[in-house]
There are 2 protein chains.
Amino acid sequence: MANTEKVALSIGEVSARTGLTTPTLRFYEQEGLLPPVRRNAAGRRVFTEGDVAWLEVCAKLRSSGMPLPEIRRYADLVREGAGNEAERFEILRRHEERVQQQVTDLQEALSVIHAKVEIYARHLVAGTADELWRNGPECDRVPDWSADSAQLGEA
Amino acid sequence: MANTEKVALSIGEVSARTGLTTPTLRFYEQEGLLPPVRRNAAGRRVFTEGDVAWLEVCAKLRSSGMPLPEIRRYADLVREGAGNEAERFEILRRHEERVQQQVTDLQEALSVIHAKVEIYARHLVAGTADELWRNGPECDRVPDWSADSAQLGEA
DNA sequence: ATTTGACTTCAAGTCGACTTGAACTCCTAG
DNA sequence: CTAGGAGTTCAAGTCGACTTGAAGTCAAAT
């Protein structure tokens with residue numbers, strides 16, 4: 001109803017606004033993330049503000065790792081209209097959980113990495129004359145085998 | 001020197017302990033993340049505790065998205081020994097930054113997703129009789145074209 | 001003595017999400 | 001009137017990181 005739906009956008013403009021490339025936009029349409037997009041007389045795609053808004057949602061879902069088939073399913077449900085909210089909720093909730101887990105895992109990795117960064121940073125300001133550094137940081141040594149002759153039980 | 005380096009582990013045991021599959025372990029060796037692993041008389045790989053520790057570092061770097069070539073470079077530097085700490089630092093610091101950015105992005109996506117989850121949750125407890133729900137959540141509507149005839153400037 | 005299970009190598013296949021290429025159509029500007 | 005730029009389709013290619021398959025070796029258990 002609002003004038004906003006009357007604004008006609010070319011694929012290039014949508015690309016500029018969403019950050020998705022034009023091939024990606026066509027690909028998303030083909031994959032059913034978007035319903036078949038309107039065409040003008042010349043057969044070119046005509047997008048609306050509503051499309052852009054929806055594409056931004058899709059982009060967020062994708063960038064947080066939701067697989068295309070799952071986004072397609074969600075899009076289908078939304079398009080179907082009222083009555084399937086439980087499944088939509090389920091999809092989003094599951095994804096939220098996964099992303100939360102992902103954040104947690106990354107933060108754990110981050111703390112390991114940060115610890116190493118700190119160690120190197122301290123070493124570098126201390127300079128090469130650092131006495132506690134003879135063989136590099138305790139934390140981090142690619143094993144090499146010069147002084148080891150253990151065998152695996154000959155099995 | 002410690003006894004810990006004398007413990008001999010089979011590829012299966014290392015797999016169990018690191019969570020990396022045996023093909024992945026061979027692949028990592030081949031890719032130079034690990035120096036060529038010792039073999040016993042039968043030609044089988046013999047890993048040490050030190051290998052496991054290093055593999056755990058690699059696994060953290062990988063799971064946080066560091067590409068194999070970069071991990072290989074880092075491994076090479078560590079193996080090379082003292083004198084290249086500045087580059088090691090650089091690699092880790094850059095990666096830390098990327099991961100930090102990734103976390104930030106995920107958290108932003110998370111807030112969008114969580115908002116939607118909340119909307120659906122509220123709708124579902126309110127039940128179908130919800131009056132403000134005629135056409136689904138404002139936030140989230142796959143545009144369909146039934147009532148729109150805007151054209152792209154015939155270009 | 002043979003079967004089992006864990007290991008070996010090497011090559012080839014898989015996966016998802018795009019990206020790229022080739023060939024074509026339009027419209028506008030010079 | 002032709003050159004450019006943006007669009008179109010369809011098919012094929014790319015990427016990284018593994019995974020899988022085929023074929024073989026070896027040592028212990030039945």
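A note on names: the letters A, B, ... follow the listed sequences, proteins ahead of strands, and every chain is numbered from 1. What you see is a predicted model; the values in this text were computed from it and never measured.
The distance between atom CD of B/Gln30 and atom P of C/dT8, rounded to the nearest whole Å, is 13 Å. In this structure, A/Glu13 atom CD and D/dA6 atom P are separated by 12 Å, rounded to whole Å. In this structure, B/Leu61 atom CG and D/dA17 atom P are separated by 12 Å, rounded to whole Å. In this structure, CG of B/Leu33 is placed 15 Å from P of D/dG16, rounded to the nearest angstrom. Rounded to a whole Å, the CG atom of A/Leu25 is 10 Å from the P atom of D/dT8. The distance from atom CD1 of B/Ile11 to atom C1' of C/dA6 is 10 Å, rounded to the nearest whole Å. Per the geometry, CD belonging to A/Glu29 stands 12 Å off C1' belonging to D/dT8, to the nearest Å. Between the CG atom of B/Asn40 and the P atom of D/dA28 there is a distance of 11 Å, rounded to whole Å.
Using a cut-off of 4.0 Å between Lys/Arg side-chain N and Asp/Glu carboxylate O, A/Arg93 and A/Glu90 are scored as salt-bridged. Residues A/Glu49 and A/Arg17 are paired through a salt bridge, judged by an N-O separation under 4.0 Å between the basic side chain and the carboxylate.
Taking CE from A/Met66 and CZ from A/Arg98, the interatomic distance works out to 6.0 Å, rounded to the nearest 0.5 Å.
Between D/dT19 and B/Thr21, a contact under 4.0 Å exists linking OP1 or OP2 to a side-chain N or O. Contact annotation: B/Ser10 side-chain N/O to C/dC7 OP1/OP2 distance is under 4.0 Å. The shortest distance between the side-chain N/O atoms of A/Arg45 and the OP1/OP2 oxygens of D/dT8 is below 4.0 Å. The shortest distance between the side-chain N/O atoms of A/Arg26 and the OP1/OP2 oxygens of C/dT19 is not below 4.0 Å. Regarding contacts with the backbone of C/dA17, every side-chain N or O of A/Thr24 stays at 4.0 angstrom or more from both OP1 and OP2.
B/Ser64 contributes a side-chain N or O that, together with a main-chain N or O of B/Lys60, makes up a donor-acceptor pair within less than 3.5 Å.
Of the listed nucleotides (D/dA17, D/dT8, C/dT9), D/dT8 has the atom at the smallest distance from the side chain of A/Arg39. With distances taken from any side-chain atom of B/Arg62 to the nucleotides C/dT8, D/dC18, C/dC18, the minimum falls on D/dC18. Nearest to the side chain of A/Arg44, among D/dC18, C/dG5, C/dT25, sits C/dT25. Side-chain proximity of A/Tyr28 to the nucleotides D/dA6, D/dC26, C/dC18 is greatest for C/dC18. In this structure, of C/dC7, C/dT19, D/dT20, it is C/dT19 that holds the atom nearest to the side chain of A/Phe27.
Here the closest heavy-atom approach between residue A/Glu13 and residue A/Ser10 is recorded as OE1-N, 2.8 Å.
Among the heavy atoms of the strands, none lies under 4.0 Å from A/Thr22.
Mapped onto DNA chain D by nearest heavy atom, B/Pro23 and B/Gly65 fall at different nucleotides, with B/Gly65 at the one closer to the 5' end.
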